[in-house]
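The structure appears right after this line, and notes come after that.
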Amino acid sequence: MLILGIETSCDETAAAVVRDGKEVLSSIVASQDKLHLPYGGVVPEIACRAHLSAMLPVLHRALHEAHVTLDDVQAVAVVNRPGLIGSLLIGLTAAKVVAWLHDLPLIGVNHIHAHAYAAALERNIPTFPCAALVASGGHTSLFHSRSPIDHELLGGTRDDAAGEAFDKVASILGLGYPGGPEIDRVAREGDPRAVPFKRSRFQDSLDFSFSGIKTAVLYHCRGQNAAEPARPLSRREIADIAAGFQEAVVRTLSDRLFEAAETLGESRVAVGGGVAANSRLRERLRREAECRGLELILPSMKYCIDNAAMVAGLGWHLLQAGQVDDLTLDAHPTVRPSPRKPLRAKPV
Ligand code: KG4
Ligand code: ZN
């Protein structure tokens, strides 16, 4: 069964065709990074206009590269939450038009759950149940993912998302946007122990906080008196600060994920979202998983950042479970946070 996936929740216009939730026949992503670069972050109005002009060409290319037409597709899956409302509406409208014209089931997909599902794409052995971490520009969430469509929230960020912290610290250091890949690149030349940053940790909770470390980087670079002119930083200093910051975030994410897995008694851990493309995070997760005897499931780099293959993949599972929407499906900028269950160890 072929599912057409559409994703426009932030600043990527994406469409994909996926067979039976796993086999990616095409995955097209039109990035808007260059448009937002001068502003150091996503400008929602610019994002909407860019989605409008990219949507149809991206859709056509996804079908063309998959060697199919809309007559071959059996359902349309689209991200309808959470995200920038104007951006979401463009993908949702495109999906509704396709579904209406071709009389296809329409499936609304949660963007964060799709990131958690990305690890299962092109994988023929089980991914679920697992402890799953989604770390992106807008979200940092830890789930007990019992199946592709059953994700129980265990913890999330109380302020900035991990990717947002990467973007803001990159901006403080005078690096480009998006900041994650820039810090990843620059940190390779730095010493992570040269400028150690403290990590936030909540007692009795799997929540995260990244605003403190972002402020610590700001104070380290500019001093506590914001009125004072910024001291120019050498290339070496920038690399050391980037490496110290990255190390602190990577350790926080990795420690929390393994803590959740071990308390839940799960033998698999999965990660998703743009930050899962971070080379140091991937390296640490691999080493830690090996030491603890756990199975680590990392999506390939192209399925970490926003894409529609993860949406079509998860859409197939929702369709199998009968979770289908109609043309009244609406877009939601946020998802109502479900009450977090306290983390309890699996009885033995
Ligand atoms: O999942 P994504 O494409 O979009 C959202 O759903 O937000 O994630 C984008 C985020 C950005 O904050 C970007 O800086 C971060 O992922 N990112 C990275 C890396 N590549 C992308 N962060 C750290 N290291 C990377 N290599
Ligand atoms: Zn995303």
Side-chain angles (χ1 to χ4, degrees), residues 5-14 16 27 29-33 36-37 39-42 44 47 51 78-84 87-88 91 109-119 132-141 156-157 160-173 175-188 190 192 208 210 213-214 242-243 245-254 270-285 298-311 313-314 333-335:
I6 296 178
E7 147 69 45
T8 60
S9 65
C10 189
D11 60 341
E12 265 96 20
T13 317
S27 176
V29 180
S31 165
Q32 303 175 4
D33 285 352
H36 301 290
L37 179 65
Y39 306 96
V42 178
H51 283 310
V78 61
V79 165
N80 73 319
R81 65 197 189 278
L84 298 173
S87 295
L88 286 169
V109 172
N110 177 318
H111 178 78
I112 313 174
H113 293 173
H115 271 306
Y117 181 76
L133 168 74
V134 174
S136 69
H139 302 273
T140 307
S141 310
T157 182
D160 291 355
E164 188 181 357
F166 269 95
D167 294 336
K168 288 177 176 168
V169 165
S171 158
I172 295 168
L173 295 177
L175 304 170
Y177 174 85
E182 290 290 301
I183 294 209
D184 197 343
R185 179 179 60 79
V186 168
R188 285 185 200 139
F208 301 90
F210 296 106
I213 189 168
K214 171 197 68 186
F245 160 78
Q246 177 176 266
E247 194 59 27
V249 174
V250 161
R251 281 176 182 247
T252 303
L253 294 173
S254 147
V271 290
V275 181
N278 183 271
S279 59
R280 175 68 191 123
L281 178 63
R282 293 172 85 89
E283 179 189 308
R284 186 176 164 94
L285 290 170
L298 279 174
S300 64
M301 303 286 265
K302 58 181 186 274
Y303 302 134
C304 290
I305 54 154
D306 287 347
N307 67 88
M310 63 185 191
V311 179
L314 177 52
T334 54
V335 269

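These numbers come from the heavy atoms of this one structure, side chains and all, not from hydrogens, waters or symmetry mates. All ligand and atom numbering here is 1-based and tracks the order in the structure. What you see is a predicted model, and the numbers here were worked out from it, not measured in a lab.
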If you compare all heavy atoms of [X] against all heavy atoms of [Y], which two are closest, and at what distance to 0.1 Å?
| X | Y | answer |
| --- | --- | --- |
| P178 | D33 | CD-OD2, 3.4 Å |
| V311 | I6 | CG1-O, 3.8 Å |
| A14 | V29 | CB-CG2, 4.1 Å |
| P299 | V271 | CD-O, 2.9 Å |
| A270 | A119 | CB-CB, 4.0 Å |
| S9 | D306 | OG-OD2, 4.3 Å |

Could you tell me which atoms of ligand 1, counted from 1 in the order shown, lie closer than 4.0 angstrom to a heavy atom of [X]?
| X | value |
| --- | --- |
| V275 | 16 (O), 18 (C), 22 (N) |
| A277 | 26 (N) |
| G163 | 12 (O) |
| S136 | 1 (O), 5 (C), 6 (O), 7 (O), 8 (O) |
| H111 | 6 (O) |

Looking at ligand 1, does C10 have a heavy atom less than 4.0 Å from it? no
Any heavy atom of Q246 closer to ligand 1 than 4.0 angstrom? no
Can you list the steps and then say if S279 with R188 is a side-chain contact (heavy atoms from CB on, under 4.5 Å)? CA-CA 9 Å; S279 59; R188 285 185 200 139; 3.3 Å; yes
Could you grab the distance from atom CZ of R81 to atom CD1 of I112, nearest 0.5 Å is fine? 9.5 Å
To the nearest 0.5 Å, atom CG of L285 lies from atom CZ of R280 at 9.5 Å
Looking only at protein heavy atoms, which one is nearest to [atom], and how far off is it?
| atom | answer |
| --- | --- |
| atom 24 (N) of ligand 1 | N278 ND2, 3.0 Å |
| atom 26 (N) of ligand 1 | D184 OD2, 2.9 Å |
| atom 7 (O) of ligand 1 | G137 N, 2.8 Å |
| atom 22 (N) of ligand 1 | G180 CA, 3.3 Å |
| atom 12 (O) of ligand 1 | D167 OD2, 2.8 Å |
| atom 21 (C) of ligand 1 | G274 O, 3.4 Å |

Quick check: does C10 have an N/O/S atom under 2.8 Å of the Zn ion (ligand 2)? no
Determine whether P82 and L88 make a side-chain contact, defined as any pair of heavy atoms from C-beta on separated by less than 4.5 Å. no
Do ligand 1 and H115 have nitrogen or oxygen atoms that lie under 3.5 Å from each other? yes
N or O pair under 3.5 Å between G138 and ligand 1: yes
Would you check, one step at a time, whether the test side-chain contact (heavy atoms from CB on, under 4.5 Å) holds for F166 with F210? CA-CA 9 Å; F166 269 95; F210 296 106; over 6 Å; no
Could you tell me whether the side chain of T8 and the main chain of S87 form a donor-acceptor pair under 3.5 Å? yes
Ranking D306, D11, V250, I112 by closest non-hydrogen atom to atom 5 (C) of ligand 1, top hit is D306
Considering just N/O/S atoms, say which atom of D306 is closest to the Zn ion (ligand 2). OD1
Restricting to N, O or S, what is the name of the atom of H111 that lies nearest the Zn ion (ligand 2)? NE2
